Amino acid sequence: LSIDKLKSEIKENRSVTGKKVILENIYFKQSSTLMMGDSQKNLMTIVQFLKENLSVCIKINGHTDNVGKSYSHLQLSRLRAMVVMNFLVN
């Protein structure tokens, strides 16, 4: 589901509970929590959406590549999700 489609469904008073929006172009430096490129600019779309839709709650998931140990990937995924959360709330 795109963010525009989600906005449309809210405008039409449809339930968006459980709907998934996949954010594209949120990149991090390899093995790092440092966002790269236009990642922050792309997250601003979500910031604006949340400001316009205060009753919407979101769940943030992170992921990594498959280079290295799986435990490290899980930890890095969580840290990246926290970086995105902090960006959205600040």
Side-chain angles (χ1 to χ4, degrees):
L1 194 63
S2 71
I3 193 73
D4 290 331
K5 180 71 172 161
L6 190 65
K7 287 178 184 179
S8 175
E9 290 193 15
I10 289 172
K11 188 175 181 179
E12 295 172 6
N13 292 321
R14 293 184 182 169
S15 173
V16 293
T17 301
K19 301 284 180 159
K20 293 182 182 181
V21 174
I22 297 174
L23 297 178
E24 307 249 337
N25 303 317
I26 308 299
Y27 296 110
F28 292 87
K29 185 176 177 182
Q30 186 170 357
S31 303
S32 170
T33 58
L34 180 65
M35 278 193 266
M36 296 175 50
D38 288 338
S39 297
Q40 292 181 352
K41 178 182 161 199
N42 295 331
L43 283 174
M44 287 306 296
T45 303
I46 300 302
V47 170
Q48 188 59 40
F49 171 78
L50 292 172
K51 284 180 178 180
E52 294 170 358
N53 299 279
L54 297 176
S55 64
V56 172
C57 295
I58 63 171
K59 177 181 178 181
I60 301 168
N61 293 316
H63 66 87
T64 65
D65 58 24
N66 62 356
V67 176
K69 297 179 181 178
S70 61
Y71 173 75
S72 298
H73 291 194
L74 181 59
Q75 186 176 23
L76 184 56
S77 294
R78 288 179 180 156
L79 290 171
R80 286 177 173 178
M82 287 175 49
V83 166
V84 169
M85 179 196 69
N86 287 333
F87 181 87
L88 295 176
V89 298
N90 290 323

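Keep in mind that this is a model prediction, so the values were computed, not measured.
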**Asked** Do the side chains of Met35 and Leu88 join up, straight or via other hydrophobic residues, at under 4.5 Å, putting them in one cluster?
**Response** yes

**Message:** Starting from Leu6, can I reach Val84 by hopping between I/L/V/M/F/W/Y residues whose side chains sit under 4.5 Å apart?
**Reply:** yes

**Request:** Of all the heavy-atom pairs spanning Ala81 and Gly62, show the shortest one and how long it is.
**Result:** CB-N, 4.1 Å

**Request:** Consider only side-chain heavy atoms of I, L, V, M, F, W and Y, link residues closer than 4.5 Å, and tell whether Met44 and Met85 are in one cluster.
**Result:** yes

**Asked** Out of curiosity, Asp38 CG to Met36 CE, how far, rounded to the nearest 0.5 Å?
**Response** 11.0 Å

**Request:** Mind listing the closest non-hydrogen atom pair of Phe28 and Val83 along with its distance?
**Result:** CE2-CG1, 4.0 Å

**Asked** Which atom names give the shortest non-hydrogen contact between Ser31 and Leu76, and what distance separates them?
**Response** CA-CD2, 3.7 Å

**Prompt:** So, does Ser8 use its side chain to make a donor-acceptor pair with the main chain of Asp4 at under 3.5 Å?
**Reply:** no

**Message:** For Asn25, is there any backbone N or O sitting under 3.5 Å from a side-chain donor or acceptor partner on Asn42?
**Reply:** yes

**Request:** Examine Val47 and Tyr27 and state if one hydrophobic cluster contains both, with Ile, Leu, Val, Met, Phe, Trp and Tyr joined whenever side-chain heavy atoms are less than 4.5 Å apart.
**Result:** no

**Item:** With sequence neighbours excluded, residues passing side chain to side chain donor-acceptor pair (under 3.5 Å) with Lys19
**Value:** Glu9

**Message:** Between Ile46 and Leu23, is there a side-chain heavy-atom distance shorter than 4.5 Å?
**Reply:** yes

**Request:** Could you tell me which non-hydrogen atom of Arg80 sits nearest to which non-hydrogen atom of His63, and how far apart they are?
**Result:** NH1-O, 3.3 Å

**Message:** I want to check something: taking the side chain as every heavy atom from C-beta on, are Thr45 and Phe49 in contact at a cut-off of under 4.5 Å?
**Reply:** no

**Asked** Stepwise, does the side-chain contact (heavy atoms from CB on, under 4.5 Å) test hold for Val56 with Ile58?
**Response** CA-CA 7 Å; Val56 172; Ile58 63 171; 4.1 Å; yes

**Request:** Answer yes if Ile10 and Ile3 sit in the same cluster of Ile, Leu, Val, Met, Phe, Trp and Tyr residues linked by side chain heavy atoms under 4.5 Å apart, and no otherwise.
**Result:** yes

**Asked** From Leu50 CG over to Gln48 CD, what is the distance, rounded to the nearest 0.5 angstrom?
**Response** 9.5 Å

